[in-house]
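Worksheet: one structure, shown below.
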Amino acid sequence: MSEKTVNSLILKAYQLLAKREYSHHELLQRLLKLASKEVCEEAMRQLVSQGAQSDDRYAESLCRSRYGAGKGPVLIRYELRNQKINEELIEKVMEPYTNEWTVLAEQVRKKKFGEELPKEYSQLTKQLRFLQQRGFGQAELSQYSVSHF
């Protein structure tokens, strides 16, 4: 294994990480396009040990940015799992938002559809579908009762 190759991969990784956080999985996939698996894994070991790459930072950053963009917990969990973030870490980064999802869902709904709840069932289902597509689950949608229709 060439020290020069590992160092060049580390330099490339630093260039990528300077722009945004990457999950271990995502950064490794990028580096695998440039070198062998053995060389890439050594570069990743060094990046993690130096603190340059951190799944904790990546998960916190993704959760914070998606929450700020009005995305719900179902979508955020899905994205984190796709990046091979472990369940313990997912729960840890999602925990501060536990009591915020219902409020966020209402803010997102009001921004798109206005203050008043719809008076027709078809309009309510349209709004609920919109919220589901934004990543809100049953827990957040249960605040909108369909029983009065």
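I90 and V74 are not part of a single hydrophobic cluster, where members link through side-chain heavy atoms under 4.5 Å apart. Neither Y58 nor V48 shares a network with the other; the hydrophobic side chains, linked directly or stepwise wherever heavy atoms of I, L, V, M, F, W or Y lie under 4.5 Å apart, form separate groups for each. The hydrophobic cluster containing V39 also contains L34, counting ILVMFWY residues as joined when their side-chain heavy atoms lie under 4.5 angstrom apart, directly or transitively.
Residues A69 and R134 share a closest heavy-atom pair of O-NH2, 2.6 Å. The shortest heavy-atom contact between A13 and L47 is CB-CD1, 3.3 Å. Residues A35 and L9 approach most closely at CB-CD1, 3.6 Å, considering heavy atoms. Between A139 and T102, the closest heavy-atom pair is O-OG1, 4.4 Å. Y97 approaches R64 most closely through the heavy-atom pair OH-CA, 3.5 Å.
Although no hydrogens or angles enter the test, the distance criterion places a donor-acceptor pair under 3.5 Å between the side chain of S8 and the main chain of T5. Side-chain atoms of E41 do not come within 3.5 Å of backbone N or O of E38 as any donor-acceptor pair.
Listed by first then second residue, pairs satisfying salt bridge (charged side-chain N to carboxylate O under 4.0 Å, His left out) with a partner in residues 9-18 number zero, not counting sequence neighbours. Within the structure, side chain to side chain donor-acceptor pair (under 3.5 Å) pairs that include any residue of residues 13-24 comprise Y14-Q50, R20-E26, E21-R57, S23-Q83 (at least two apart or interchain).
With rounding to the nearest 0.5 angstrom, the CG atom of L131 is 5.5 Å from the CG atom of L141. Atom CD1 of I85 and atom CG of L62 lie 8.5 Å apart (nearest 0.5 Å). In this structure, R30 CZ and L17 CG are separated by 10.5 Å, a value rounded to the nearest 0.5 Å. In this structure, CE on M94 lies 12.0 Å from CZ on R66, to the nearest 0.5 angstrom. In this structure, the separation between CG on L124 and CG on L117 is 7.5 Å, given to the nearest 0.5 Å. In this structure, SG in C40 is found 9.5 Å from CD in Q29, a value given to the nearest 0.5 Å.
Between K112 and V108, the closest side-chain pair of non-hydrogen atoms is not below 4.5 Å. Counting only heavy atoms from C-beta outward, the side chains of F113 and Q123 never approach each other to under 4.5 Å. Side-chain contact between F130 and R109 is absent, with no heavy-atom pair separated by less than 4.5 Å. Counting heavy atoms from C-beta outward, V103 and Q107 have side chains that approach closer than 4.5 Å. Between V93 and I76 the shortest side-chain heavy-atom distance does not fall below 4.5 Å. Taking the side chain as every heavy atom from C-beta outward, P73 and E140 approach each other to under 4.5 Å. Contact of the L75 side chain with the F136 side chain is not registered, since no non-hydrogen atoms from C-beta on lie closer than 4.5 Å. With a 4.5 Å cut-off on side-chain heavy atoms, Y67 and E100 count as touching.
With sequence neighbours left out, the side chain to side chain donor-acceptor pair (under 3.5 Å) criterion links Q46 to E42. The side chain to side chain donor-acceptor pair (under 3.5 Å) search around R81 returns E87, not counting sequence neighbours. Listed by chain and number, the residues in a side chain to side chain donor-acceptor pair (under 3.5 Å) with R77 are E91 (sequence neighbours excluded). Partners of E116 under the side chain to side chain donor-acceptor pair (under 3.5 Å) rule, at least two apart in sequence or in another chain, are K119.
Look at K92 and E95 and you find no salt bridge, because none of the NZ, NE, NH1 or NH2 atoms lies under 4.0 Å from a carboxylate O.
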